[in-house]
Amino acid sequence: FGISPKDTLAIAQELYINGLISYPRTSSNQLPITINYKKILTALTKYNDLAKILLQGNLKPNNGMKKDPAHPAIYPSGVPSKLSGNYSKIYDLIVKRFFATFSQPAKRETVTIELEVKKEPFIAQGTRTIEQGWHKFYQPYIKLKEEEFPNVKQNDKLKIKKINLYEKETQPPKRYNPASIINELSKKKLGTKSTRAAIIDALYQRYYVKDTPIQATDLGIKIVSTLEKYCPQILD
């Protein structure tokens, strides 16, 4: 949604205070079996009819690998009478993620066609969804390309309609944005789930960085150069 990490956390905190989601400052992506999911989904039928489909199945969550001894993964804990703007967007994302957690696996099929053009090998590859599974419950947040190829068999000859010649150069890695740099901080275990958004916000407020994707300012670069010279242990 393009919402800054700081604002996202503030919105999630407000949703939590109003009893609409569980505690948001967690790094877990696991839901314990001790929670009454049937009660939550029954309440969510007022929000979205997809909850009715899930109530007919086995309410066992598909958990990820990350654990947090203090708090489970974020889940919806109430149904709002009215939400608007970014509050509505973030709440809906949490609900759809929760729905997807209890749904069936999706199935995707990849077709690879190996071609030979004047003794040079070429490969064409496409993937399509053949069983929606959890994709149905995670709409509109699932973004996957659907590519369907014609039926071909070995030794088929294909007519060349057009040849395009492209000249490209190796591209540098993408710059960080506020969300991806927080993910990197998490991987390196720098800061905490409560402070990472504030750390990034402080970089902007002090004008050490600017824009999205993030770019270091002259001031930020000079601060680092000075610290490297006089306080290298701080940057270690």
Side-chain angles (χ1 to χ4, degrees), residues 1-12 24-30 63-68 73-74 86 89-90 93-94 96-97 100 106 108-115 120-129 134-135 138-147 163-236:
F1 299 129
I3 307 168
S4 75
K6 183 190 174 190
D7 290 345
T8 301
L9 192 56
I11 290 166
R25 288 177 174 84
T26 174
S27 55
S28 173
N29 52 25
Q30 296 193 1
N63 282 329
M65 301 298 290
K66 286 185 186 174
K67 290 182 181 179
D68 185 326
I74 303 170
N86 290 340
K89 289 176 181 177
I90 288 175
L93 181 60
I94 290 167
K96 298 291 176 61
R97 180 78 168 212
R108 303 258 293 162
E109 177 187 68
T110 298
V111 173
T112 303
I113 299 175
E114 294 178 5
L115 307 164
E120 291 288 344
F122 287 82
I123 290 177
Q125 196 172 66
T127 303
R128 66 186 180 115
T129 303
W134 63 270
H135 293 185
Y138 202 44
Q139 299 290 356
Y141 309 114
I142 180 78
K143 309 286 184 191
L144 292 169
K145 281 175 87 175
E146 298 291 335
E147 296 166 316
I163 292 175
N164 295 316
L165 181 65
Y166 294 102
E167 231 177 87
K168 291 187 177 181
E169 294 178 357
T170 305
Q171 297 299 304
K174 285 185 178 178
R175 289 181 180 272
Y176 287 110
N177 60 43
S180 66
I181 204 165
I182 282 181
N183 196 35
E184 193 67 23
L185 289 174
S186 177
K187 283 182 190 172
K188 295 183 182 296
K189 297 184 178 175
L190 296 170
T192 69
K193 46 192 171 286
S194 302
T195 61
R196 287 175 192 130
I199 289 168
I200 304 308
D201 189 57
L203 295 178
Y204 280 102
Q205 295 298 327
R206 295 171 188 173
Y207 200 61
Y208 296 161
V209 300
K210 63 179 182 179
D211 301 339
T212 301
I214 296 170
Q215 292 188 51
T217 62
D218 288 343
L219 174 62
I221 291 165
K222 282 172 184 173
I223 290 282
V224 171
S225 300
T226 305
L227 288 173
E228 278 177 340
K229 186 175 179 182
Y230 297 105
C231 318
Q233 67 273 29
I234 288 177
L235 294 187
D236 185 355

Heavy-atom pair with the smallest gap, counting every atom of [X] and [Y]:
X	Y	result
Asp211	Gln215	OD2-NE2, 3.9 Å
Ala106	Trp134	N-CD1, 3.5 Å
Pro140	Lys143	O-NZ, 3.2 Å

Any side-chain heavy-atom pair from [X] and [Y] closer than 4.5 angstrom?
X	Y	value
Ile181	Ile214	yes
Leu9	Lys193	no
Arg175	Ser180	no
His135	Leu144	yes
Pro178	Ser4	no

Is it the case that more than 12 heavy atoms not belonging to [X] sit under 6.0 Å from its [atom1] atom?
X	atom1	answer
Phe1	CZ	yes
Asp236	CG	no
Tyr204	OH	yes
Glu169	CD	no
Arg108	CZ	yes
Arg25	CZ	yes
Glu146	CD	yes

Does any N or O in the side chain of [X] come within less than 3.5 Å of the main-chain N or O of [Y], such that one atom is a donor and the other an acceptor?
X	Y	answer
Asp68	Ala73	no
Arg196	Leu190	yes
Lys67	Gly64	no
Ser186	Ile182	no
Lys96	Gln139	yes

Modelled atom types, side-chain donor and acceptor of Thr112 and Gln125, under 3.5 Å: yes
Just how far is it from atom [atom1] of [X] to atom [atom2] of [Y], taken to the nearest 0.5 Å?
X	Y	atom1	atom2	value
Thr129	Glu147	OG1	CD	11.0 Å
Asp7	Ile90	CG	CD1	8.5 Å
Asn177	Ile200	CG	CD1	10.0 Å
Leu235	Tyr230	CG	OH	14.0 Å
Arg206	Asp201	CZ	CG	10.0 Å
Ile94	Ile74	CD1	CD1	5.5 Å

Side chain to side chain contact (heavy atoms under 4.5 Å, CB included) between Arg97 and Leu93, worked out: CA-CA 6 Å; Arg97 180 78 168 212; Leu93 181 60; 5.6 Å; no
